[in-house]
Amino acid sequence: MSAFARWRGKSGTPATDSAAASPNSVPAPHSGTFAITREQARSHVPSIRFTVRIDGSWEFDEPGPFPHHDPAVPARHGLREQARRVLSNYSVLDASAAQDAVNDIIATRVRIAPGLTARGEATLSARRQDRALARKHLRAERAGDLTRQEARRHLAFLQAVLADTDTRTVWWIDEHPDRLGELGELNEGLKDVKPPHERTQDVLRDEISRFTDRLFTDLHTPQQKEVFLRALTQTLQSLGSPELRATADAWLTAVRAPDHHENGPQ
């Protein structure tokens with residue numbers, strides 16, 4: 001063999017190895033890692049932000065190449081958006097709780113796209129100026145809450161005073177001793193004011209109590225009261241309430257007594 005042939009044979013081996021190592025023949029990776037650093041994410045006050053770091057990984061479990069040239073890009077975006085949604089509900093003063101809430105979601109596999117999942121671990125911090133702003137905002141929020149609570153308490157007190165005729169009269173005499181002649185007009189204008197009720201009370205029960213009170217007030221004659229109490233007694237009998245029926249019977253007897261005394265035995 002000539003020297004030229006021997007040289008061509010030796011030079012062909014590296015050429016074959018180079019073709020085998022071509023990037024086109026290497027399969028695309030099906031997993032990888034990434035890091036998001038110094039990401040700014042809004043807290044529950046949009047102008048106050050967390051500083052976020054996420055160390056993550058992605059996996060693609062379908063055959064063939066991933067449509068995107070770099071699977072880490074959609075993986076980073078997916079975890080970033082998950083973190084942002086959670087952090088928008090938290091204050092930077094509650095960074096530990098916010099970090100737990102984020103990791104509770106992204107520490108397990110999050111589906112980013114068909115075949116692509118990602119997971120990560122977030123570490124949160126906040127700049128000094130953001131924490132200072134958060135404390136200032138919290139103080140203002142607390143002051144506003146106290147002001148509103150005091151306003152509600154005052155209005156409830158005033159409502160209770162104006163809903164009761166006797167208390168309303170005393171209040172008006174104390175507040176406006178020189179305007180006693182206006183009491184009649186005041187009482188007429190405020191006759192429909194209802195007393196405040198506790199949120200924990202049964203509203204229907206309060207309404208029934210007021211209705212019954214007004215109903216009995218409107219029964220002007222003993223005959224009307226007797227008809228009402230007789231119907232009430234029969235209702236309580238049907239409901240199986242002997243103690244309440246006994247009380248209603250006593251009321252019925254009391255209503256009948258004056259009429260019996262006036263007519264006398266026949």
With a 4.5 Å cut-off on side-chain heavy atoms, are [Y] and [X] touching?
X: W58; Y: I112; result: no
X: F50; Y: S43; result: yes
X: L124; Y: L87; result: yes
X: R168; Y: D164; result: no
X: L158; Y: L162; result: yes

Side-chain donor-acceptor pair present, Q40, T51, cut-off under 3.5 Å
yes
Closest approach of P195 and Q159, non-hydrogen atoms and distance?
C-NE2, 3.7 Å
Which heavy atom of V92 sits nearest a heavy atom of A134, and at what distance?
CG2-CB, 3.4 Å
Which value, rounded to the nearest 0.5 Å, describes the distance between [X] atom [atom1] and [Y] atom [atom2]?
X: L93; Y: H44; atom1: CG; atom2: NE2; value: 8.0 Å
X: E141; Y: L146; atom1: CD; atom2: CG; value: 11.0 Å
X: Q82; Y: I106; atom1: CD; atom2: CD1; value: 8.5 Å
X: R119; Y: L79; atom1: CZ; atom2: CG; value: 10.5 Å
X: S91; Y: R131; atom1: OG; atom2: CZ; value: 11.0 Å
X: R42; Y: R85; atom1: CZ; atom2: CZ; value: 14.5 Å

Step-by-step salt bridge (Lys or Arg N to Asp or Glu O under 4.0 Å) determination, K194 to D192:
CA-CA 6 Å; K194 297 179 176 59; D192 293 328; over 6 Å; no
Check the pair E39 / R80 against salt bridge (Lys or Arg N to Asp or Glu O under 4.0 Å), numbers first and verdict last.
CA-CA 9 Å; E39 186 83 14; R80 182 187 290 115; 3.0 Å; yes
Whether [Y] and [X] form a salt bridge (side-chain N of Lys/Arg under 4.0 Å from carboxylate O of Asp/Glu) is what I want to check.
X: D130; Y: R128; value: no
X: R148; Y: D145; value: yes
X: R109; Y: E59; value: yes

Contacts under 3.5 angstrom, residues 227-236 side chains, donor-acceptor by atom type, not counting sequence neighbours:
unit_1: R230; atom_1: NH2; unit_2: E226; atom_2: OE2; d: 2.6
unit_1: T233; atom_1: OG1; unit_2: L229; atom_2: O; d: 2.7
unit_1: T235; atom_1: OG1; unit_2: A231; atom_2: O; d: 2.9

Would you check if the side chain of [X] reaches a backbone N or O of [Y] as a donor-acceptor pair within less than 3.5 Å?
X: D174; Y: V170; value: no
X: D94; Y: A97; value: no
X: D55; Y: E121; value: no

How would you list all residue pairs meeting ring pair (Phe, Tyr, Trp, His ring centres under 6.0 Å) that involve residues 75-103, not counting sequence neighbours?
none
Summary of ring pair (Phe, Tyr, Trp, His ring centres under 6.0 Å) pairs that have at least one residue in residues 142-178, sequence neighbours excluded:
W172-H176
Would you say E185 has more than 12 foreign heavy atoms packed within less than 6.0 Å of its CD?
no
